[in-house]
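Below is one structure, written out as structure tokens; comments come after it.
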Amino acid sequence: MPEGHSVHRVALQLGADLAGRRVAASSPQGRFAAGASLLDGLVLVEAFAVGKHLLVGFAADAAPWAGVAPGARLSDDGPLAEARAGARWLRVHLGLYGAWDFHGRVSPIGREAFGVGSIGAPRLRRAVRIGEQEGELTDDGPRAGAAGPASAVVVGDFPPEPVGQVRLRLRGAETVADLRGPSRCEVIDLPAVRALLDAAGPDPRVDHWPDPEATFVARVRARRVAVGQLLMDQSVVSGIGNIYRAEMLFRARLSPFVPGTAVPVETLRALWRDWVGLLDLGIDTGVILVREDHDAAQQEAAIADRSIRFAVYGRAGEPCYRCGTPVALADMASRKLYWCPGCQTG
DNA sequence: TGGAAATGTCTAG
DNA sequence: TAGACCTTTCCAC
């Protein structure tokens, strides 16, 4: 999937273009017709991500949400909590290949020079017209080559005909968001939202854990399971997927096979801080990481043209750029694990 | 046209 | 740990 940064970007996109607006909700595919009817005609009041979970609130009256940061202080009591308790909450998990497509007005998110058309499964590539410029959608944005307008408008009929298996369509006056292929898509209540937060490992971008770094360190150190597996455990830390797992361990020069109990506290603190930085970068640019052996100009260029090359992920058999040892591939808990046996020895 | 693969999670055994 | 599930893309045939 779409690792944590993508889901945060979806939440920001929904917030930018649909929050505060009354939306028409439908299920062109039909498989979410009952759920969509619960949301149809309500105002989208807040959208936020917790790790790979997307949560979107809908209510009849948006007034109580004025000035509220999405997802902030969800455990608090008070007037807002009352409004939130009366809201309906859409919970979406993209799973392995879910994705959102945005049409119409698509505001720039983070450092993007133009709006993003598709966020989610990386294989979704659609030719779209962005403003007056032709662009091809890549992992998280249109392929560069053109500095687009500040706020992109996809040329064509609005709303566009749904293409493929659209589970849920949210349509505002100017923007349409299409969801396809999610592994979870349901309408839940506020207690269920809170339960989800309570069960999740810390997410650096969510204000819910008093000391997220200490929580992460403690949860890793509590288990003898391999650290490579613990980083992917969403109750240990939220949002890390297979790519971040592989790359973060490489950057830390840490073997994926070290048991959680045996990882030094300082190493874990460094891992957490790396994750905080990578998540910020990912949300800001849509790019998972830039190479550490590149200078700032090379990094900026790679972000701009999306020519990102991972250090180990997907590079089995190729030489490690740090030590030359062939990158290894193994199966860990039924997922592909990439690492460099030459320099990940910590 | 069929099959494999993909940034994930859940459940049954 | 194997299998199920949600959908699309790409490549071999």
Side-chain angles (χ1 to χ4, degrees), chain A residues 1-10 27-33 35 49-54 90-101 116-128 136-141 143 162-169 178-186 188 192 195-196 199-201 203 225-226 228-250 256 275 278-279 281-283 285-290 306 308-316 329-339:
Chain A
M1 140 170 180
E3 303 196 19
H5 69 302
S6 302
V7 186
H8 280 281
R9 287 174 63 82
V10 170
S27 179
Q29 172 201 55
R31 294 189 49 177
F32 190 57
V50 182
K52 300 172 190 172
H53 301 279
L54 174 72
L90 172 69
R91 175 205 173 189
V92 172
H93 196 297
L94 292 177
L96 199 51
Y97 41 72
W100 286 89
D101 287 310
V116 163
S118 174
I119 305 176
R123 292 164 305 289
L124 272 183
R125 293 182 183 226
R126 296 209 161 93
V128 293
E136 181 208 355
L137 292 180
T138 60
D139 292 16
D140 287 280
R143 186 174 295 288
V163 175
Q165 299 292 310
V166 176
R167 183 80 59 86
L168 171 65
R169 164 168 283 197
D178 281 344
L179 169 66
R180 55 198 351 118
S183 67
R184 295 292 289 267
C185 177
E186 57 188 339
I188 60 177
L196 199 146
D203 177 328
V225 176
Q229 206 170 319
L230 291 174
L231 285 187
M232 298 261 294
D233 184 331
Q234 302 299 303
S235 68
V236 170
V237 51
S238 280
I240 294 177
N242 207 7
I243 298 180
Y244 279 123
R245 177 261 297 267
E247 298 295 327
M248 286 173 58
L249 290 170
F250 175 80
W275 171 226
L278 288 174
L279 183 58
L281 175 77
I283 294 171
T285 66
V287 153
I288 287 186
L289 58 85
V290 288
R306 311 238 152 213
I308 301 302
R309 296 284 172 270
F310 299 123
V312 287
Y313 181 82
R315 295 193 56 232
L329 170 61
D331 194 280
M332 181 178 270
S334 301
R335 301 301 302 279
K336 285 186 174 179
L337 167 70
Y338 299 89
W339 84 104

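Naming: A, B, ... by sequence-line order, numbering from 1 per chain.
Atom pair Met232(A):CE and dA6(B):P shows a separation of 13 Å (rounding to whole Å applied). Going from atom CD of Gln165(A) over to atom P of dC5(C) covers 16 Å, rounded to whole Å. At whole-Å resolution of the value, CZ in Arg335(A) and P in dA5(B) are 14 Å apart. At whole-Å resolution of the value, CZ in Arg245(A) and P in dT9(B) are 11 Å apart. Rounding to whole angstrom units, CG of residue Asp331(A) and P of dT1(C) are separated by 9 Å. The nearest whole Å value for the distance from the CD1 atom in Ile243(A) to the C1' atom in dA5(B) is 14 Å. Rounded to an integer number of Å, the gap from His93(A) NE2 to dT9(B) P is 4 Å. One can place NZ of Lys336(A) at 15 Å from C1' of dG8(B), the figure rounded to the nearest angstrom.
In this structure a side-chain-to-backbone donor-acceptor pair under 3.5 Å is missing from Glu247(A) to Phe310(A). Checked by atom type and distance alone, the side chain of Glu3(A) pairs as donor or acceptor with a backbone atom of Tyr244(A) at under 3.5 Å.
For Arg184(A), counting side-chain heavy atoms from C-beta on, the closest listed nucleotide (dG8(B), dC10(B), dA6(B)) is dC10(B). The side chain of Arg31(A) has dT7(C) as its nearest neighbour among dT9(B), dT7(C), dA6(B).
Look at the C1' atom in both dT9(B) and dT9(C): the space between them is 22 Å, to the nearest Å.
Checked against side-chain hydrogen bond (donor to acceptor under 3.5 Å, both in side chains), Arg31(A) has no partners two or more places apart in sequence or in another chain. For Gln165(A), the side-chain hydrogen bond (donor to acceptor under 3.5 Å, both in side chains) test picks out Gln29(A), with sequence neighbours left out.
Residue Gln29(A) is classed as a sugar-phosphate contact, given heavy-atom separations below 4.0 Å to backbone atoms only.
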